[in-house]
Amino acid sequence: MNKTALITGATSGIGKATAYEFAKQNIRLVLCGRRQERLDALQKEVGAIVDTYVLNFDVGNRKDVFEAIESLPEDFKHIDILINNAGNAHGLDPIQDGDINDWDAMMHSNVHGLLYVSKAIIPQMVQRESGHIINIGSSAGREVYPKGNVYCASKHAVAALTEGMRIDLNPHNVKVGAVNPGLVETEFSQVRFKGDAVADGVYKGFKALQAQDIAEIIYFAISRPPHVNIADLLVFPTAQANSVTVKKEPI
Ligand code: NDP
Ligand code: 8X3
């Protein structure tokens, strides 16, 4: 049977583009998110290309994660590839002005969510002595930028967890790696700025990475031969040198 991938955060941006890229490559899909209407649309559209099952749950809700993954029908229970992508930034404030609800939301999805979903899937990979996990980190997991405090901390946690998983799963033949993008034009900034117009300016004046660019890189990583593991990738748009150095044309 073809391989099956479970992608979290498949209702938008990088996760959604990865779903389409994998579908094109005939990889069976379990697609996850919280917005049911988008999951329904994916079931219809991606499901027309490849066998697809959608799951609605909040990755940071421990009980819901285990129940949802347990509820998978027999022919979708065997997960070969896990893409831990769900996550967002919430707010961009100096630490002294940060909203604790924003901090909780970031740790909830970016850290707890990645841990819970991994915990639900890893045992079957260990048992089969095979599997591949890709964690979507960020350039914010490599460096800290002004006002990025908690988001950067959550992505530094993803970097540490990726390394920890790779070490612990090494005896079990499970590949673990991270893809760490810089600025990608998705709904990310709309979420971060809660719909504020400032989000519209984030990707103006330069060509940002597109979700499809990252999807293709993820597919490259998961399609290497068995002896090759892409452990860690940092990907910027050409106009970006680090979190705060972006060559922008005047708008
Ligand atoms: P989007 O906002 O476009 O997509 C985020 C996805 O995550 C959505 O599908 C959303 O689905 C899902 N999600 C968020 N929180 C939860 C939750 N608690 N439970 C379940 N699903 C959740 O952003 P991106 O595609 O850009 O982001 C994807 C990943 O890439 C994130 O981890 C982000 O940190 C990372 N990243 C993004 C960069 C960028 O510049 N855009 C750069 C570097 C990394 P729903 O709302 O339906 O649940
Ligand atoms: C998203 C990239 O620079 O907005 O992880 O933090 S950035």
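Hydrogens, waters and symmetry mates are skipped; everything else that's a heavy atom, side chains included, is used. Order of appearance sets the numbers: ligands from 1, and atoms from 1 within every ligand.
- Neither the backbone nor the side chain of Lys155 has a heavy atom within less than 4.0 Å of ligand 2.
- Residue, atom and distance of the protein heavy atom nearest to atom 40 (O) of ligand 1 are Val184 N, 2.9 Å.
- Of the possible polar contacts, none joining the Asn2 side chain to the Arg28 backbone as a donor-acceptor pair under 3.5 Å is found.
- Those atoms of ligand 2 with a heavy atom of Arg192 less than 4.0 angstrom away are 4 (O).
- If you number the atoms of ligand 1 from 1 as listed, the ones under 4.0 Å from a heavy atom of Ile14 come out as 25 (O), 30 (O).
- Regarding atom 42 (C) of ligand 1, its nearest protein heavy-atom neighbour is Gly182 O, 2.8 Å.
- Residue Glu187 has at least one heavy-atom neighbour below 4.0 Å for each of these atoms of ligand 1: 2 (O), 3 (O).
- Taking CD1 of Ile134 as the start and CG of Leu233 as the end, the distance is 8.0 Å to the nearest 0.5 Å.
- For atom 1 (P) of ligand 1, the closest non-hydrogen atom on the protein side is Ser12 OG, 3.5 Å.
- Using modelled atom types, no side-chain atom of Asn61 and backbone atom of Asp58 make a donor-acceptor pair closer than 3.5 Å.
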Carefully, step by step, assess Phe188 and Tyr151 under the rule ring-ring contact (aromatic ring centres under 6.0 Å, His included). CA-CA 12 Å; Phe188 179 86; Tyr151 179 68; 5.5 Å; yes
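- Here Lys155 has side-chain heavy atoms under 4.0 Å from ligand 1, and that is the only part of it that gets that close.
- Given atom 7 (S) of ligand 2, the protein heavy atom at minimum distance is Tyr145 OH, 3.6 Å.
- What sits closest to atom 21 (N) of ligand 1 on the protein, heavy atoms only, is Ala86 CB, 3.7 Å.
- Heavy-atom proximity to Ser138, at under 4.0 Å, picks out these atoms of ligand 2: 1 (C), 2 (C), 5 (O).
- Distances from ligand 1 to the non-hydrogen atoms of Gly137 include at least one value under 4.0 Å.
- Judged by the shortest distance from any of its heavy atoms, Thr8 lies outside the 4.0 Å radius around the atoms of ligand 1.
- Between Gly33, Gly87, Ala19, it is Gly87 that holds the heavy atom closest to atom 7 (O) of ligand 1.
- Under the 4.5 Å side-chain criterion, counting only non-hydrogen atoms from C-beta, Thr238 is not in contact with Phe206.
- For the pair Leu115 and Leu161, the minimum side-chain heavy-atom distance is below 4.5 Å.
- For atom 19 (N) of ligand 1, the nearest protein heavy atom (residue, atom name, distance) is Val59 N, 3.0 Å.
- Under the 4.5 Å side-chain criterion, counting only non-hydrogen atoms from C-beta, Tyr53 is not in contact with Asp75.
- In this structure, atom 4 (O) of ligand 2 lies nearest to the protein heavy atom Phe188 CE2, 3.5 Å.
- Remark: of the listed residues Lys16, Arg38, Arg192, Lys194, Arg38 is the sole one forming a salt bridge (Lys or Arg N to Asp or Glu O under 4.0 Å) with Glu187.
- Among all non-hydrogen protein atoms, the one lying nearest atom 11 (O) of ligand 1 is Thr11 OG1, 2.9 Å.
- Looking only at side-chain heavy atoms (C-beta outward), Leu114 and Asn135 come within less than 4.5 Å of each other.
- Considering all non-hydrogen atoms of both residues, Asn229 and Gly177 come closest at OD1-N, 4.5 Å.
- Polar contact check, Asp58 against ligand 1: a nitrogen or oxygen pair lies under 3.5 Å apart.
- Note: no N/O pair closer than 3.5 Å links Gly60 and ligand 1 by distance alone.
- No side-chain donor-acceptor contact under 3.5 Å links Ser189 to the backbone of Val202.
- With hydrogens and angles disregarded, no donor-acceptor distance shorter than 3.5 Å links the side chain of Thr245 to the backbone of Ala241.
- Below 4.0 Å from some heavy atom of Ser109 lie the following atoms of ligand 1, by number and element: 15 (N), 18 (N).
- Not a single heavy atom of Ala89 sits under 4.0 Å from any atom of ligand 1.
- Considering backbone and side-chain atoms alike, Arg34 places an N or O below 3.5 Å from some N or O of ligand 1.
- Arg142 places no side-chain N or O within donor-acceptor distance of the main-chain N or O of Ser138, the cut-off being under 3.5 Å.
- Taking a cut-off of under 4.0 Å to the non-hydrogen atoms of Tyr151, the atoms of ligand 2 that pass are 1 (C), 5 (O), 6 (O).
- Counting heavy atoms from C-beta outward, Thr52 and Phe76 have side chains that stay 4.5 Å or more apart.
- Side-chain contact check for Ile218 versus Ile214: some heavy-atom pair is nearer than 4.5 Å.
- Nearest to atom 14 (C) of ligand 1 among the protein's heavy atoms is Asn88 OD1, 3.3 Å.
- Only the backbone of Leu183 comes within contact range of ligand 1, with a heavy atom under 4.0 Å; no side-chain atom does.
- With a 4.0 Å heavy-atom cut-off, ligand 1 is reached by the side chain of Tyr151 but not by its N, CA, C or O.
- For the pair Leu169 and Val126, the minimum side-chain heavy-atom distance is below 4.5 Å.
- Residue-ligand proximity, Gly13 to ligand 1, at heavy-atom distances under 4.0 Å covers atoms 3 (O), 25 (O).
- The N/O atoms of Thr186, backbone and side chain alike, include one that comes under 3.5 Å of an N/O atom in ligand 1.
- Inter-residue side-chain proximity for Gln36 and Leu39 is flagged as met; some heavy-atom pair is nearer than 4.5 Å.
- Considering Val117, Ile136, Asn85 only, the shortest heavy-atom separation from atom 32 (O) of ligand 1 involves Asn85.
- When hydrogens are left out, the protein atom nearest atom 43 (C) of ligand 1 is Pro181 O, 3.2 Å; that is the closest non-hydrogen contact.
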